[in-house]
Amino acid sequence: MGFWQILEVRGWYFLTTLLGGLPATVLVALGAIAFALVFGLVIALLRMSSWRLVRVLAIVYVEFFRGTPALVQLFVIYFGFPDVGFQPSPFQAAIIGLGLNGSAYLSEIYRAGIESIHRGQMEAALSLGMTPLRAMRYIVLPQAIRTMLPPITNLSIILLKDTAIVFAVGVVEVMALARNLVTETLQSAAIYLIAGVIYLCITIPMSRLAARLERQRQAWQ
Amino acid sequence: MLELPAIYAENIHRWLPELLYYSITTLKIAAVSFLLSVAIGMVFALLRISKVRLLRAFAVGYIEVARGLPIVVLLYIVYFVPPQLFPELDWRWFDDFTGAVVGLGLHGGAILAEVFRSGIEALHKGQREAAVSLGMTPAQSMAYILMPQAARIVLPPAGNYAIGLLKDTSLCSLIGVNELMNDAKSIAFADYQPMAVFVLVAAIYFAMSYPLSLAVRYMEGRLNVSR
Amino acid sequence: MGRGTGGTADGDALLRIVDLRKSFGEFEVLSGITLDVRRGEKVSIIGPSGSGKTTLLRCINYLEKPSSGHIYIDGMLIGEKQTNGGYVHLSDRELAKERQEIGFVFQRFNLFPHLTALGNVTIAPQKVLGLTREEAERRGRDMLEKVGLGHKISEYPERLSGGQQQRVAIARVLAMQPKLMLFDEATSALDPELIGEVLRVMRQLAEEGSTMVIVTHEIQFAGEVSDRVIFMDQGQIVEQGPPQDVLFNPSLPRTREFLKHIQQR
């Protein structure tokens with residue numbers, strides 16, 4: 001059977017099988033994004049701390065996670081952590097690994113967003129008696145959100161694409177099912193192309209959204 | 001409790017030379033696919049701003065697809081799809097190294113196409129006209145006026161791409177290329193020391209990528225001064 | 001207790017500054033400022049740029065940390081506290097509490113662009129003083145009314161003129177009901193035709209008896225509203241007294257030269 005015939009005869013079966021992994025893919029992506037959104041903000045705030053040591057540790061964290069492959073980070077967590085007494089499930093390892101990785105990038109996005117807000121805003125808030133944290137929450141962050149939204153969307157796309165490697169730590173998502181199907185049927189061409197289409201159906205609309213947010217942001221300024 | 005220093009003291013003389021040997025493969029993959037990305041990126045940047053609508057649409061389509069696919073998926077597609085699509089051809093030359101380089105190159109080409117395009121678009125027509133009106137030849141105006149301005153926009157993101165690429169080579173282990181990550185896996189599981197080995201490998205990747213990121217920051221700093 | 005210890009407010013001193021010094025690196029911007037401001041007193045500070053007047057104002061609000069010296073409001077030490085070991089800086093939370101008492105009007109307004117005029121005026125009363133939304137809005141409306149902007153409460157800052165923005169900024173400070181108001185060249189970022197409306201509001205506040213410290217280049221205005229004018233140069237108070245003396249009959253050649261210079265502009 002040629003490629004096109006296979007696609008015609010078995011394509012629907014391949015597609016529905018792979019879609020069975022989509023919930024896991026989306027779950028890992030959402031988990032990692034949520035993790036990164038929260039933890040990235042913590043890192044960004046530590047990075048602006050008035051304690052030098054805290055700042056340095058935050059910088060080391062960011063540099064390390066940005067300077068090493070996500071796959072290595074996942075392996076350290078999934079295969080390495082049991083050595084120190086914590087056995088994460090595949091899902092936990094995937095969400096923690098991609099989340100830590102994303103938080104390093106997000107902390108930089110937060111920082112750039114916060115720094116884009118004029119110093120005078122912080123001073124005005126402080127002079128009204130707000131604590132630095134309150135000033136951050138009510139005055140600086142709401143303004144910085146506009147600047148940060150497009151890069152956050154882009155980072156979400158990257159994290160979603162990165163979920164395609166978490167089969168390596170045993171999460172049964174789209175790519176894991178694709179590999180299983182290939183071992184079963186040996187029809188790698190059709191199966192991987194269909195997997196690709198599934199990812200594109202999510203990532204292309206998301207990057208359209210990011211581009212639109214970016215245009216809006218520029219129109220605002 | 002795990003005693004990393006003791007483990008390293010005992011094993012590093014066996015692990016490190018082997019890992020460093022495979023780091024060379026990693027660097028080779030990164031270098032070749034970077035060159036391929038630059039070539040593909042140049043071509044598609046020009047197609048993207050072409051006056052022919054069809055060429056533009058083709059370039060946009062390619063860029064969206066190659067950037068929208070997870071790199072692993074792209075690697076699998078590049079490595080497995082063509083031989084099945086055209087089984088009548090001879091694919092013996094298409095080994096895993098070639099597949100890795102082509103896959104990473106196709107992905108990078110899409111990223112660099114957008115980078116190069118923004119560099120080209122940032123050049124005002126007036127700049128070339130001003131240079132020519134001062135008596136410069138087209139080559140001179142390219143070398144002294146246009147390229148320096150484009151470089152300022154292109155170099156930092158191209159450098160960032162190179163850092164990402166270096167890390168992405170680790171994904172080639174998933175299609176079976178014998179590079180740093182693959183070797184790390186085999187050592188880690190053969191010696192039952194995943195934590196120690198993967199932390200060491202992380203350090204090796206960091207040692208390769210960090211100088212690059214310092215270089216990018218240096219460029220960004222220098223290029224900003226004259227803005 | 002001798003002068004300058006400042007632990008208790010003797011007389012009617014609302015603001016007391018004792019030997020305040022501030023350096024940026026090698027460069028000393030304030031070289032020992034000592035100053036009392038009575039309750040209800042209006043003090044204008046004039047002087048050439050770089051004389052340290054803005055830094056002095058920012059130190060009072062602890063937007064700049066003084067290098068040495070102490071500041072008291074109503075006998076309460078600002079920005080630091082006394083322990084048996086000496087003075088230590090306050091935590092952010094304690095500092096925030098003290099800043100509620102001191103209003104600061106910035107040269108560049110620093111309105112919050114993501115909030116309406118009313119939002120700008122009500123956010124601190126709600127989040128800092130803990131007023132309910134209704135209470136804060138009632139107060140905010142009154143204050144905007146008072147600065148003549150009752151009709152602009154739901155406009156965003158970008159839709160307001162510079163003069164209107166600065167009046168919102170003043171209303172924002174008033175809504176906190178501060179004991180002391182600091183004005184840092186409140187009109188110098190404004191177009192000439194917009195200066196009058198802001199000065200009018202400031203004059204009104206002065207007449208109502210607010211305690212104000214005003215850094216300004218508006219000599220005539222300083223002469224009309226101030227009880228006392230201070231001339232600063234090179235980080236020191238070089239001359240002070242009633243406006244008619246300092247502004248119209250200065251004793252020092254340096255002051256005379258400055259006044260002549262500024263009036264020619």
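Labels below follow one simple rule: chain letters A, B, ... track the order of the sequence lines, proteins then strands, and each chain is numbered from 1.
- Atoms CG and OH, from A:Asp83 and B:Tyr192 in turn, are 12.5 Å apart once rounded to the nearest 0.5 Å.
- Residue-environment remark: CD (A:Glu115) exceeds the threshold of 12 foreign heavy atoms within 6.0 Å.
- Interface remark: of the candidates B:Pro83, B:Ala188, B:Pro82, B:Ser170, B:Ser170 forms the most heavy-atom pairs closer than 4.5 Å to chain A.
- Interface remark: of the candidates B:Val199, B:Asp168, B:Val81, B:Thr169, B:Val81 forms the most heavy-atom pairs closer than 4.5 Å to chain A.
- Contacts with chain B were tallied for A:Thr163, A:Ile157, A:Leu200, A:Thr203; A:Leu200 has the most, counting heavy-atom pairs under 4.5 Å.
- Within 6.0 Å of CZ on A:Arg208 lie no more than 12 heavy atoms contributed by other residues, nucleotides or ligands.
- More than 12 heavy atoms of other residues, nucleotides or ligands lie within 6.0 Å of CH2 in B:Trp91, so this atom counts as buried by the packing criterion.
- Applying the 6.0 Å contact sphere to CZ of B:Arg14 captures more than 12 heavy atoms from other residues, nucleotides or ligands.
- Within a 6.0 Å radius of OH in B:Tyr21, no more than 12 heavy atoms belonging to other residues, nucleotides or ligands are found.
- Counting only residues at least two apart or in different chains, salt bridge (Lys or Arg N to Asp or Glu O under 4.0 Å) contacts with residues 38-66 of chain A comprise A:Arg47-A:Glu108, A:Glu63-B:Arg217.
- Heavy atoms of other residues, nucleotides or ligands lying less than 6.0 angstrom from CZ of B:Phe58 number 12 at most.
- To the nearest 0.5 Å, atom CG of residue A:Leu71 and atom NZ of residue B:Lys185 are 6.5 Å apart.
- Listed for the B:Glu64 side chain is no donor-acceptor partner under 3.5 Å among the backbone atoms of A:Ser207.
- For A:Ile194, no part lies under 4.5 angstrom from a heavy atom of chain B.
- Contacts between B:Tyr210 and chain A at a heavy-atom distance below 4.5 Å involve the side chain alone, from C-beta outward.
- With a threshold of 4.5 angstrom between heavy atoms, A:Ala168 approaches chain B through side-chain atoms but not through N, CA, C or O.
- Residue with the most contacts toward chain B among A:Ser188, A:Pro69, A:Ala178: A:Pro69 (heavy-atom pairs, distance under 4.5 Å).
- Annotation: maximal heavy-atom pairing with chain B below 4.5 Å, among A:Phe75, A:Tyr199, A:Phe81, occurs at A:Phe75.
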List the atom pairs, with distances to 0.1 Å, where a side-chain N or O of residues 67-80 of chain B and a protein N or O form a donor-acceptor pair under 3.5 Å, not counting sequence neighbours.
| from | atom 1 | to | atom 2 | distance (Å) |
| --- | --- | --- | --- | --- |
| B:Tyr76 | OH | A:Arg179 | NH1 | 2.4 |
| B:Tyr76 | OH | B:Leu174 | O | 3.3 |

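- Across all non-hydrogen atoms, the minimal contact from B:Leu171 to A:Ile165 is CD2-CG2, 3.4 Å.
- Proximity to chain A (any heavy atom under 4.5 Å) is restricted, for B:Ser213, to the side chain, taken from C-beta onward.
- Between atom NZ of residue B:Lys167 and atom CG of residue A:Asn101 there is a gap of 6.5 Å, rounded to the nearest 0.5 Å.
- Only the side chain of B:Ser173 comes within contact range of chain A, with at least one heavy atom under 4.5 Å from a heavy atom of that chain.
- Looking at A:Phe167, the atoms closer than 4.5 Å to chain B (heavy atoms on both sides) all sit in the side chain, from C-beta outward.
- Classification of the A:Phe79-B:Phe189 ring pair by plane angle, with boundaries at 30° and 60°, yields perpendicular.
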